[in-house]
*Asks:* 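Sharing a structure below in structure tokens format, with a few things to ask.
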Amino acid sequence: MAQLGSVETGHDNKKDEVIRIERESVIKVLKPHLIMTLANLIKHSSDRLEFLKLCKRIEYTIRAWYILQFEDMMQLYSLFDPTSGAQKLEQQNLPLREIEELEQNFLKYLFEVMKKSNFKIATQNEIDIALSGQYLLNLPITVDESKLDKVLLKKYFEAHPQHNLPDFHDKYIIFRRGIGIDQTTDFFIMEKVDMLIARFWAYLLRITRLEKFLSRRSKLHCRKDPKKNDETDSEDYQDDAYKRIRLENLPLSFSNLLNKNTIQELTFDRIIVVYRPVSSKSKSERGIFVKHFKNIPMADMEIVLPEKKNPGLTPMDWVKFLGSAIVGLVAVVSSLEMASTDLTVIVAVLSTVLGYCVKTYFTFQQNLVAYQNLITQSMYEKQLDSGKGTLLHLCDDVIQQEVKEVIISFYILMEQGKATRQDLDRWCEDLIREEFGGSCNFDVDDAVQKLEKLGIVTKDVIGRYQCVGLKRANEIIGTTTEELILKAKQGNISP
């Protein structure tokens, strides 16, 4: 499980917010580039040809291992496809208990494929840290939970319990994979105004000593087990650190307020959301939605949430309204207490207050339009696919990752000779860093398991692994069906 933490360090009146995330197992190098790079490192041309042949046979064999499992998953999903699944279920005329069993079987297949493709379920801690700041989305977004089914996922996690699930795990699940960086440069005029108001409000809370009361309540509400935190901090995680640059942390200066600023936010390279709408009185909903997104800023994760409510006024908007009302009320009372009350002055004060309230309301409406445009743009540009298309993408992704793991680990054993699991793990990670400039928490256990299943590695009595020769490895795997078809096509012979 990924471990996230937020660290703030202050220097020169500036705060740098750093988020640490456990390094992931996904190998981001494209498979053709990886194979050709490793092949070019082999000195003898005959060995190079044998290595390229072995890479093809490894891919064909691993693909054959998974194809039946993938077909079962796709067949199950055809019954729960939101577009056409209802008609197929009616044709099958299955009893309710059997339908529920098929639903759970599909979820089991789906979660296994997610794990093999190195997707992780976003925990509550990760989501809290991701949404602790703002990026381009400046309105509070919430989910209308009354429109989401609460039975399907709850039943799955009761049968397959997992640790650190988010609070909403019975309604929808967010899978995430990969970390990137997104930057935006602009004047951020309205955002800076909100920042100044927020800082002034914090100043009022501090001088009225309400800040201590509110912070004490929040600490009591969010208190965590210190032993658990100590255990987490003491574990040796391979973490990567990323900096989050927010307007809220910028020091106050005319340069920062009047000039353009660059803000920076982490992104999830891939996000997949799984949920089901709630059934109505007239219709029983069986469709399972699987939506796939790319490059989603952590602080704007709300844009991928299902069944979003229309946003309301922000806390800053309410501060503006209440502040304006209080100022107007004080001005009117002061005017009435004067010996000579001028009705024109009272009308002017009330008009000013009313005008400011109207301005605040229309500013909110502009933010709402900007939010709707952002959602539309995100759905158009950032949504990769949904339903069957997402599942097909996942199936291919699993195969690509498994093939790359096996090829890298076999190459290391071929070049280095005998190796323990720890040595093999370290050497594979070093190879990815030195030859491809990437970082990866290599899944050595899965790679060794595949090598043993292929029969192209041996293990001695002290636990060291050694691969067979290239020619022998090709003989052990043997000629694949794909190779026979290719030979038949080249010879213009029907397979």
Side-chain angles (χ1 to χ4, degrees), residues 70-114 119 121-122 127 140-160 162 165-175 271-293 296 301-312 368 371-372 375-376 378-380 382-395:
F70 292 159
E71 285 184 356
D72 290 342
M73 182 179 69
M74 299 305 294
Q75 286 292 333
L76 286 172
Y77 184 71
S78 66
L79 300 176
F80 308 111
D81 189 333
T83 304
S84 58
Q87 298 177 352
K88 294 182 179 180
L89 278 176
E90 289 181 3
Q91 294 173 359
Q92 296 286 339
N93 195 23
L94 299 173
L96 179 61
R97 179 176 297 179
E98 188 170 346
I99 292 176
E100 292 177 349
E101 289 181 2
L102 293 175
E103 290 174 347
Q104 295 303 312
N105 288 338
F106 166 71
L107 288 180
K108 183 180 178 181
Y109 279 125
L110 176 63
F111 278 65
E112 288 177 355
V113 170
M114 290 288 190
F119 275 88
I121 296 177
I127 291 173
I141 309 301
T142 57
V143 174
D144 189 351
E145 296 183 353
S146 64
K147 295 183 178 180
L148 294 173
D149 176 75
K150 302 177 184 178
V151 177
L152 177 69
L153 291 170
K154 181 180 180 181
K155 186 180 296 185
Y156 174 81
F157 287 115
E158 287 176 350
H160 306 86
Q162 298 187 29
L165 289 171
D167 295 340
F168 49 76
H169 69 273
D170 59 332
K171 293 171 280 293
Y172 59 96
I173 281 294
I174 298 176
F175 292 90
I271 280 184
I272 292 179
V273 183
V274 180
Y275 67 97
R276 166 184 281 172
V278 70
S279 300
S280 62
K281 295 181 179 179
S282 59
K283 180 182 178 182
S284 177
E285 182 62 63
R286 290 291 173 185
I288 299 176
F289 286 79
V290 183
K291 295 190 176 182
H292 194 185
F293 303 88
I296 300 298
M301 192 194 295
E302 298 100 325
I303 62 179
V304 306
L305 298 180
E307 302 295 345
K308 293 179 284 293
K309 294 181 180 179
N310 287 329
L368 182 60
Y371 156 76
Q372 292 171 344
I375 294 296
T376 303
S378 299
M379 295 302 102
Y380 181 76
K382 295 184 180 294
Q383 183 167 342
L384 288 174
D385 214 327
S386 62
K388 186 176 180 180
T390 297
L391 298 181
L392 291 173
H393 178 86
L394 282 172
C395 294

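FYI, side chains are in, hydrogens and waters are out, and symmetry mates aren't considered; it's all heavy atoms of this structure.
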*Asks:* Give the intermediate values and the outcome of salt bridge (charged side-chain N to carboxylate O under 4.0 Å, His left out) for residues Lys155 and Glu100.
*Replies:* CA-CA 10 Å; Lys155 186 180 296 185; Glu100 292 177 349; 3.4 Å; yes

*Asks:* Let me see the working for Leu392 and Asp385 under side-chain contact (heavy atoms from CB on, under 4.5 Å), right down to the final yes or no.
*Replies:* CA-CA 10 Å; Leu392 291 173; Asp385 214 327; over 6 Å; no

*Asks:* Nearest 0.5 Å, what's the CD-CG distance between Glu101 and Leu76?
*Replies:*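 Answer rounded to 0.5 Å: 11.5 Å.
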
*Asks:* For the residue pair Tyr77 and Gly387, what are the closest heavy atoms and their distance?
*Replies:*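 Taking every non-hydrogen atom into account, OH-CA, 3.1 Å.
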
*Asks:* Please confirm whether the ring centroid of Tyr109 lies under 6.0 Å from the ring centroid of Phe70.
*Replies:*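 Centroid separation for Tyr109 and Phe70: 6.0 Å or greater.
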
*Asks:* Mind listing the closest non-hydrogen atom pair of Ile174 and Ile271 along with its distance?
*Replies:*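 Looking at all heavy atoms of both residues, the shortest contact is CG2-CG2, 3.9 Å.
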
*Asks:* Taking atom CD of Gln87 as the centre, report whether more than 12 heavy atoms of other residues, nucleotides or ligands fall under 6.0 Å from it.
*Replies:*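 At most 12 heavy atoms, drawn from other residues, nucleotides or ligands, come within 6.0 Å of this atom.
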
*Asks:* Please name the pair of heavy atoms, one in Ile121 and one in Phe175, separated by the smallest distance, quoted to 0.1 Å.
*Replies:*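 Closest heavy-atom pair between Ile121 and Phe175: CG1-CE2, 3.5 Å.
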
*Asks:* Would you say the side chain of Phe119 lies within less than 4.5 Å of the side chain of Ile272, judging by non-hydrogen atoms?
*Replies:*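 Counting from C-beta outward, Ile272 and Phe119 do come under 4.5 Å.
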
*Asks:* Can you tell me how far apart CD (Glu307) and CG (Leu148) are? Round to the nearest 0.5 Å.
*Replies:*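 Nearest 0.5 Å value for the CD-CG distance: 5.5 Å.
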
*Asks:* Test side-chain contact (heavy atoms from CB on, under 4.5 Å) on Lys309 and Ile141 and set out the steps.
*Replies:* CA-CA 7 Å; Lys309 294 181 180 179; Ile141 309 301; over 6 Å; no

*Asks:* Which distance, rounded to the nearest 0.5 Å, do you find between the NE2 of His393 and the OG of Ser386?
*Replies:*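 His393 atom NE2 to Ser386 atom OG measures 13.0 Å (nearest 0.5 Å).
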
*Asks:* Between Phe106 and Ile288, is there a side-chain heavy-atom distance shorter than 4.5 Å?
*Replies:*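 Side-chain contact under 4.5 Å: yes.
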
*Asks:* Are Phe80 and Leu102 packed together at the side-chain level, in the sense that at least one heavy-atom pair is separated by less than 4.5 angstrom?
*Replies:*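 In contact.
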
*Asks:* How long is the straight-line distance from CZ of Arg97 back to CD1 of Ile99, given to the nearest 0.5 Å?
*Replies:*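 These two atoms lie 12.5 Å from each other.
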
*Asks:* Taking the side chain as everything from C-beta on, heavy atoms only, tell me whether Leu152 gets closer than 4.5 Å to Gln104.
*Replies:*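 Yes. Closest side-chain heavy atoms under 4.5 Å.
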
*Asks:* Start with the C-alpha distance between Leu394 and Met114, add both sets of side-chain angles, then the distance that settles side-chain contact (heavy atoms from CB on, under 4.5 Å), and finish with yes or no.
*Replies:* CA-CA 7 Å; Leu394 282 172; Met114 290 288 190; 3.8 Å; yes

*Asks:* Output the distance between atom NZ (Lys147) and atom NZ (Lys171), rounded to the nearest 0.5 Å.
*Replies:*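 If we round to the nearest 0.5 Å, Lys147:NZ and Lys171:NZ are 15.5 Å apart.
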
*Asks:* Using a 4.5 Å cut-off on heavy atoms from C-beta on, say whether the side chain of Leu305 contacts that of Tyr172.
*Replies:*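 SC-SC contact between Tyr172 and Leu305 confirmed.
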
*Asks:* Contact between Leu391 and Leu110 at the side-chain level, heavy atoms closer than 4.5 Å - yes or no?
*Replies:*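 A side-chain contact exists here, since the closest heavy-atom pair is under 4.5 Å.
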
*Asks:* Tell me which one of Lys154, Arg276, Arg286 satisfies side chain to side chain contact (heavy atoms under 4.5 Å, CB included) with Asp149.
*Replies:*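 Exactly one option meets the side chain to side chain contact (heavy atoms under 4.5 Å, CB included) with Asp149, and it is Arg276.
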
*Asks:* Determine, using ring centers only, whether Phe157 and His169 are less than 6.0 Å apart.
*Replies:*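 Aromatic pair counts; centres sit under 6.0 Å.
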
*Asks:* Taking all non-hydrogen atoms of both residues into account, name the closest pair between Pro166 and Ile173 and its distance.
*Replies:*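 For Pro166 and Ile173, the tightest heavy-atom pair comes out as CG-CD1, 4.4 Å.
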
*Asks:* Would the number of heavy atoms belonging to other residues, nucleotides or ligands and lying under 6.0 Å from CD of Glu285 be above 12?
*Replies:*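 Yes, CD of Glu285 has more than 12 neighbouring heavy atoms, counting only those of other groups under 6.0 Å.
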
*Asks:* Is the backbone N or O of Lys291 less than 3.5 Å from a side-chain atom of Thr390, with the two atoms forming a donor-acceptor pair by type?
*Replies:*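 The answer is no, because no donor-acceptor pair under 3.5 Å joins these two groups.
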
*Asks:* With a 4.5 Å cut-off on side-chain heavy atoms, are Ser78 and Lys388 touching?
*Replies:*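 The answer is no, as the side chains (C-beta and beyond) never meet within the 4.5 Å cut-off.
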
*Asks:* Could you go through the side-chain contact (heavy atoms from CB on, under 4.5 Å) check for Leu384 and Phe293 one step at a time?
*Replies:* CA-CA 5 Å; Leu384 288 174; Phe293 303 88; over 6 Å; no

*Asks:* Heavy atoms only: give me the nearest Met301-Ile296 pair and the separation to one decimal.
*Replies:*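 Heavy atoms only, the tightest pair is CA-CG2, 4.1 Å.
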
*Asks:* Determine the minimum heavy-atom distance between Gly287 and Pro277, stating which atoms define it.
*Replies:*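 Closest approach of Gly287 to Pro277, heavy atoms only: O-CD, 3.9 Å.
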
*Asks:* Find the distance between CD1 (Ile127) and CD (Glu302) and round it off to the nearest 0.5 Å.
*Replies:*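 One finds 10.5 Å between CD1 of Ile127 and CD of Glu302.
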
